[in-house]
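Each remark here refers to the structure printed beneath this line.
So that the names make sense, note that chain A is the first sequence line, chain B the second, and so on, each numbered from 1.
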Amino acid sequence: MASENVEDQIQKISSVIRVIPDFPKPGIMFQDISTLLLDPKAFKDSIDLFVERYKDRNISVVAGIEARGFIFGPPIALAIGAKFVPMRKPGKLPGAVIREEYPLEYGKDIMEMHVGAVNAGERAIVVDDLIATGGTLRAALNLLESVGVEVVECACLIELPELK
Amino acid sequence: MSAFREEDPRINSIRTKIRLVPNFPKQGIDFLDITTLLLDPKAFKNTIDMFVERYKNKNISVVAGIEARGFIFGPPIALAIGAKFVPLRKPRKLPGEVISEEYTLEYGSDCLEMHLGAVQRGECALVVDDLVATGGTLCAAMNLLERAGAEVVECACVIELPALKDR
């Protein structure tokens, strides 16, 4: 079997992500990862690329942002032996939570994390499918850092550089 | 419906990690919270492994996960058995063309959507969620898959609430 290099894998992953114009509103070109999930090999390769990057780095927490971060985060967590911590919209997590308000294009939203999910001194990555302005990731980072966790990196499949 | 074999020693390690939160989301409901299971890498892995053992080599090519906690358990199972993962979502979350299935709630109704073309006629599928209560959401999921011509082999849930059984 011919060995595939990382560049080929990335190219393939890129090619199975589809762009939907004018979603959720006119003018936005939406990057849809659901077509990637329909290709078992490409989906596995995307996870393996993250695992290669993060294994053996003493990362004990993978935080995933609702809802598409829930698709990529757990497989990474399982492979590197870390716990998975869901970061959710308000009112979804039962029990005691801490919350962080963050700005949207119009208005604000709130992200919540369970109290006690993580401990001071742990090392974490934050996972989402896509980074646009980084506002959501920033909220997740703030929540984790507020309880003494070191966020090593934010792991996103897709980056939109023009919104940096 | 999926059920763990009672004698498997992994079951106890999984069961003890699930926490009960009283009066959530409203008074009188004892909520079974799987997030504490996810904080224990070994127990989370055991959960996935048990599903994978049950479903590998059964020609299952589709794992459909119900938003949002089905997104946590579904993809690891899909990856391990070489199946595609199909997210089943609340309305207007999936971009592009979808098919929808309405289902009843205790008060009112809700809707589940699946991408058109995600599933082919004749494929064998699993539906995954963290918990089955009345089974209303799972039925909606099954209907979506069957409308697309797939055969639903089983619904795989970590927790079952027998007291609400109505199926």
Side-chain angles (χ1 to χ4, degrees), chain A residues 18-24 28-48 60-86 88-89 91-97 113-114 116-119, chain B residues 19-25 29-49 61-87 89-90 92-98 114-115 117-120:
Chain A
R18 75 171 169 168
V19 179
I20 306 266
D22 302 320
F23 183 89
I28 298 188
M29 303 291 279
F30 188 88
Q31 303 279 332
D32 181 21
I33 49 88
S34 65
T35 39
L36 167 66
L37 308 177
L38 296 181
D39 182 330
K41 179 161 189 328
F43 182 23
K44 184 179 189 302
D45 286 345
S46 71
I47 297 300
D48 288 349
S60 59
V61 176
V62 172
I65 298 179
E66 166 167 21
R68 289 183 289 265
F70 288 9
I71 295 174
F72 295 95
I76 297 168
L78 286 160
I80 69 175
K83 49 186 159 181
F84 177 71
V85 177
R88 298 208 68 172
K89 303 279 182 184
K92 302 292 186 75
L93 291 171
V97 296
M113 179 174 81
H114 266 137
V118 295
N119 304 306
Chain B
R19 76 168 171 170
L20 190 146
V21 181
N23 300 315
F24 183 89
I29 297 188
D30 281 340
F31 188 87
L32 286 165
D33 180 21
I34 48 89
T35 63
T36 37
L37 170 65
L38 308 176
L39 297 181
D40 181 332
K42 184 103 192 38
F44 183 22
K45 185 179 188 303
N46 282 342
T47 310
I48 299 301
D49 287 350
S61 58
V62 176
V63 173
I66 297 178
E67 166 168 21
R69 290 183 290 264
F71 288 9
I72 295 173
F73 296 96
I77 297 168
L79 286 160
I81 68 174
K84 49 187 164 180
F85 179 70
V86 176
R89 300 208 69 172
K90 302 282 181 180
R92 294 173 301 282
K93 300 293 188 73
L94 291 171
E97 289 190 276
V98 296
M114 178 173 81
H115 267 136
V119 163
Q120 259 70 63

So what's closer than 4.5 Å to chain A heavy atoms on [X]: side chain, backbone, both or neither?
| X | result |
| --- | --- |
| B/Lys93 | backbone |
| B/Phe71 | both |
| B/Arg89 | side chain |
| B/Ala118 | both |
| B/Phe31 | side chain |

Out of A/Ala82, A/Gly95, A/Pro21, A/Ala79, which one racks up the most heavy-atom pairs below 4.5 Å with chain B? A/Ala82
Picking from A/Gly73, A/Ala117, A/Pro86, A/Gly64, which has the most non-hydrogen pairs under 4.5 angstrom with chain B? A/Ala117
Counting only heavy atoms from other residues, nucleotides and ligands, does the tally under 6.0 Å from CZ of B/Arg19 exceed 12? yes
Report the option among B/Leu37, B/Ile48, B/Asp33, B/Val119 that has the most heavy-atom pairs separated by less than 4.5 Å from atoms of chain A. B/Asp33
Measure distances from [X] to the heavy atoms of chain B and classify the residue's part below 4.5 Å as side chain, backbone, both or neither.
| X | answer |
| --- | --- |
| A/Leu36 | neither |
| A/Ile71 | both |
| A/Phe30 | side chain |
| A/Lys92 | backbone |

How long is the span from the [atom1] atom in [X] to the [atom2] atom in [Y], to the nearest 0.5 Å?
| X | Y | atom1 | atom2 | answer |
| --- | --- | --- | --- | --- |
| A/His114 | B/Leu39 | NE2 | CG | 9.0 Å |
| B/Thr35 | A/Lys83 | OG1 | NZ | 11.0 Å |
| B/Leu94 | A/Phe23 | CG | CZ | 7.5 Å |

Those residues at least two apart in sequence (or on a different chain) that pass side-chain contact (heavy atoms from CB on, under 4.5 Å) with A/Lys44 are A/Asp48, B/Leu79
Which pair of heavy atoms, one from B/Phe24 and one from A/Gly91, lies closest together, and at what distance? CZ-O, 3.4 Å
